[in-house]
Participant: 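Before I ask anything, here is the structure I am working with.
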Amino acid sequence: MLGKLIRVGRTERGMTAQELADRAGISRTTLYNIEKGAPGPEIGIVFEVATLVGVHLFEPDSRLLAMHDARLQEKLTLIPQSVRPAKQEVDDDF
């Protein structure tokens, strides 16, 4: 669920995976593993990435966590699969 929260936070802020990875000082592959919930990335790195996208790390009520997880899954099905940086307009005024 934390990986889903991180992905939603990143996409809501309009950040590409590469931008967030660069900001956290990790590879894009590591970020994808974090967003998938893979067990490999160190927990400190996961917490740092979560903090960068504004994810609250702890919720005491497990019912709220389950409800939040279901809502996140719904959100993830509605958002684009990837975020692309905005194209820069060409200054062709000579």
Participant: When you group the ILVMFWY residues by side-chain heavy-atom contacts below 4.5 Å and let the links chain together, are Met1 and Tyr32 in the same group?
Facilitator: no

Participant: Residues in salt bridge (Lys or Arg N to Asp or Glu O under 4.0 Å) with Arg7, at least two apart?
Facilitator: none

Participant: More than 12 foreign heavy atoms under 6.0 Å from CZ of Arg13: is that the case here?
Facilitator: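 Counting neighbours around CZ of Arg13, more than 12 heavy atoms of other residues, nucleotides or ligands fall under 6.0 Å, so yes.
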
Participant: With a 4.5 Å heavy-atom cut-off, do Ile34 and Ile26 have their side chains touching?
Facilitator: yes

Participant: State which residues pass side chain to side chain contact (heavy atoms under 4.5 Å, CB included) with Thr16; sequence neighbours excluded, sorted by chain then number.
Facilitator: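 Once residues adjacent in sequence are excluded, the partners of Thr16 under the side chain to side chain contact (heavy atoms under 4.5 Å, CB included) criterion are Gln18, Glu19, Val83, Pro85.
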
Participant: What residues form a side chain to side chain contact (heavy atoms under 4.5 Å, CB included) with Glu12, not counting sequence neighbours?
Facilitator: Val8, Lys75

Participant: Tell me which donor-acceptor pairs under 3.5 Å the side chains of residues 66-73 have, and how far apart each pair is, sequence neighbours excluded?
Facilitator:
residue: Asp69; atom: OD1; partner: Lys4; partner atom: NZ; Å: 3.2
residue: Gln73; atom: OE1; partner: Lys4; partner atom: NZ; Å: 3.0

Participant: The criterion is side-chain hydrogen bond (donor to acceptor under 3.5 Å, both in side chains); which residues satisfy it with Thr30, sequence neighbours excluded?
Facilitator: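 Partners of Thr30 by the side-chain hydrogen bond (donor to acceptor under 3.5 Å, both in side chains) criterion, ordered by chain and then number, come out as Ser27.
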
Participant: Please name the pair of heavy atoms, one in Pro41 and one in Val46, separated by the smallest distance, quoted to 0.1 Å.
Facilitator: CB-CG2, 4.0 Å

Participant: Just how far is it from atom CG of Leu5 to atom CG of Leu76, taken to the nearest 0.5 Å?
Facilitator: 9.0 Å

Participant: If hydrophobic clusters are built from ILVMFWY residues whose side chains come within less than 4.5 Å, do Ile43 and Val53 share one?
Facilitator: yes

Participant: If you measure from OG1 on Thr11 to CG on Leu20, what distance do you get to the nearest 0.5 Å?
Facilitator: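 CG of Leu20 is found 11.0 Å from OG1 of Thr11.
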
Participant: Got a sec, which residues hit side chain to side chain contact (heavy atoms under 4.5 Å, CB included) with Ala50, two or more places apart in sequence or on another chain?
Facilitator: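 For Ala50 the side chain to side chain contact (heavy atoms under 4.5 Å, CB included) partners, ignoring immediate neighbours, are Leu2, Ile6, Val55, Leu57.
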
Participant: Got a donor-acceptor contact below 3.5 angstrom from the Arg10 side chain to the Met15 backbone?
Facilitator: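 Yes, because the side chain of Arg10 sits within donor-acceptor range (under 3.5 Å) of the backbone of Met15.
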
Participant: What pairs of residues pass the side-chain hydrogen bond (donor to acceptor under 3.5 Å, both in side chains) test when at least one of them lies in residues 36-55, not counting sequence neighbours?
Facilitator: none

